[in-house]
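Taking it in order: structure first as structure tokens, then the write-up.
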Number of protein chains: 2
Amino acid sequence: MRTSSRKPPVPTGQFVDDLATQAEALVRLWDQAEDWAVPRIPPSQVKVLSLLRYRGEMNLSALATKFGAIPSSASRLCDRLEASGLVQREVPADNRREVRLSLTREGRRRLESFDDARREDLARVLERMSAEARAALLDGLREFSTAAQEARDASA
Amino acid sequence: MRTSSRKPPVPTGQFVDDLATQAEALVRLWDQAEDWAVPRIPPSQVKVLSLLRYRGEMNLSALATKFGAIPSSASRLCDRLEASGLVQREVPADNRREVRLSLTREGRRRLESFDDARREDLARVLERMSAEARAALLDGLREFSTAAQEARDASA
DNA sequence: TATTGTTATACTCTATAACTATA
DNA sequence: TATAGTTATAGAGTATAACAATA
């Protein structure tokens with residue numbers, strides 16, 4: 001048996017296992033960046049900011065879904081982010097029961113400080129790799145990003 | 001100016017920027033797995049379990065450091081993880097002021113349910129990539145893992 | 001009537017500061 | 001005296017359930 005399923009059946013196998021194993025170092029390095037950047041803000045708040053930048057503006061329900069939480073929790077999170085000036089709430093005129101969420105300028109600036117820390121962590125590892133491996137990694141990640149986008153579109 | 005520094009100076013440049021940009025899709029897919037797995041456990045608890053598996057047994061101070069928190073917070077987290085049977089505390093006979101932390105069998109089982117969800121998410125993207133890109137990605141990640149290990153050892 | 005979002009309550013996460021016990 | 005961990009307190013994160021407002 002080489003397949004399993006959660007919703008639709010998907011192929012699996014040794015390759016997926018190996019990739020999952022080898023990807024962990026990159027993921028850990030990435031996630032670690034927020035521990036360095038100052039001022040320290042709670043992980044959930046960082047996650048919301050990143051989501052808003054990565055996926056763009058959205059309403060509260062969409063944020064909750066992509067965040068992996070329920071609207072109630074997301075609303076509370078936004079209370080704090082709005083209070084500290086990192087996120088804006090805005091009620092669109094054409095549908096007054098939605099709340100449009102977006103990053104403020106300060107929210108973007110804060111994310112960029114995480115980016116800086118992350119690029120330095122990445123650079124310290126990349127400089128120990130061969131030029132060939134670096135190129136392979138970038139090419140592989142590029143196609144992965146494209147494929148991930150397609151997979152999201154297909155399931156939407 | 002093509003360099004910047006947080007602690008020691010490190011090289012940077014367009015390549016690092018591109019890699020950081022293209023890595024985000026993989027990281028998001030990875031981190032999303034814990035949203036699917038049931039039963040749902042808090043993100044901090046997942047992070048502790050993953051750390052204990054990735055880095056092996058350690059004392060409370062080491063966990064707090066690698067976790068990016070202070071010992072007090074880590075201790076409280078371990079209270080809950082111990083209460084729910086996912087982590088064990090153990091006092092070594094040769095140094096009775098330390099607390100050795102390790103995963104229980106149930107803790108490992110729980111992590112594996114996250115792994116399953118993650119492998120399915122990964123498989124759904126990988127099947128949309130060319131065989132060449134998949135191979136490049138795995139090779140690149142493999143060398144990245146090795147280099148990350150070296151970088152950790154060098155700074156330790 | 002269904003959808004979008006907020007509030008009430010209770011438990012979990014986290015930091016600061018104060019404490020206990022071991023080396 | 002310094003180090004490893006825990007506990008007291010307070011503020012942030014999260015879910016369940018109940019609520020208000022708009023479509």
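Every heavy atom of this structure was used, including side-chain atoms; hydrogens, water molecules and symmetry mates were not. Chain letters run A, B, ... following the sequence lines, proteins first, then strands; residues in each count from 1.
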Task: Listed nucleotide nearest any side-chain atom of A:Arg76, set D:dT14, D:dA8, D:dA2 - done: D:dT14
Task: Salt bridge flag under 4.0 Å for residues A:Asp121 and A:Arg124 - done: yes
Task: Between D:dA8 (P) and B:Asp79 (CG): distance, integer Å - done: 11 Å
Open item on the list: Rounding to an integer number of Å, can you tell me how far B:Lys47 NZ sits from D:dT14 P?
Closed with: 13 Å
Open item on the list: In this structure, how many angstroms lie between the C1' atom of D:dG5 and the CG atom of B:Leu77, rounded?
Closed with: 15 Å
Open item on the list: Check this for me: does any side-chain nitrogen of one of A:Glu106 and A:Arg109 sit under 4.0 Å from a carboxylate oxygen of the other?
Closed with: yes
Task: Whichever of B:Arg80 and B:Ser73 has its nearest DNA chain C nucleotide further upstream toward 5' - done: B:Arg80
Open item on the list: Taking atom types as they are modelled, would you say the side chain of B:Ser72 forms a donor-acceptor pair with the base of D:dT7 within the 3.5 Å cutoff?
Closed with: yes
Open item on the list: Please classify the nucleic acid contact of B:Arg96 as base, sugar-phosphate, or nothing, using heavy-atom distances under 4.0 Å.
Closed with: sugar-phosphate
Open item on the list: Let me spell it out: for each of A:Ser44 and A:Ile70, pick the nucleotide of DNA chain D with the closest heavy atom. Which residue's pick is nearer the 5' end?
Closed with: A:Ser44
Open item on the list: Less than 4.0 angstrom from a charged side-chain N to a carboxylate O is my criterion; do A:Glu24 and A:Arg28 meet it?
Closed with: yes
TODO: Could you check how far CZ of A:Arg97 sits from C1' of D:dC19, rounded to whole Å?
DONE: 16 Å
If you look only at distance, which donor and acceptor atoms sit under 3.5 Å apart when one is on a side chain in residues 149-156 of chain A and the other is two or more places apart or in another chain?
| unit_1 | atom_1 | unit_2 | atom_2 | d |
| --- | --- | --- | --- | --- |
| A:Gln149 | OE1 | A:Arg152 | NH2 | 3.1 |
| A:Gln149 | NE2 | A:Asp153 | OD1 | 3.1 |
| A:Ser155 | OG | A:Ala151 | O | 3.4 |
| A:Ser155 | OG | A:Arg152 | O | 3.3 |

TODO: At the 4.0 Å heavy-atom cut-off to chain B, mark where contacts on DNA chain C begin and end, going 5' to 3'.
DONE: C:dT12 to C:dA23
Open item on the list: Between A:Arg134 and B:Asp18 (salt bridge meaning N to carboxylate O under 4.0 Å), is one present in this structure?
Closed with: no
Open item on the list: How many whole angstroms separate atom CZ of B:Phe67 from atom P of D:dG5?
Closed with: 16 Å
Open item on the list: Taking the nucleotide of DNA chain C with the nearest heavy atom to each, does A:Pro71 or A:Pro43 sit closer to the 5' end?
Closed with: A:Pro71
- [ ] Flag yes if more than 12 heavy atoms outside A:Arg40 fall under 6.0 Å of its CZ atom; otherwise flag no.
- [x] yes
- [ ] For A:Arg89, answer base if it contacts any base atom (sugar-phosphate contacts may also be present), sugar-phosphate if it contacts only those atoms, and nothing otherwise; contact means non-hydrogen atoms under 4.0 Å.
- [x] sugar-phosphate
Task: Check ion pair B:Arg53-B:Asp115 (N to O, under 4.0 angstrom) - done: yes
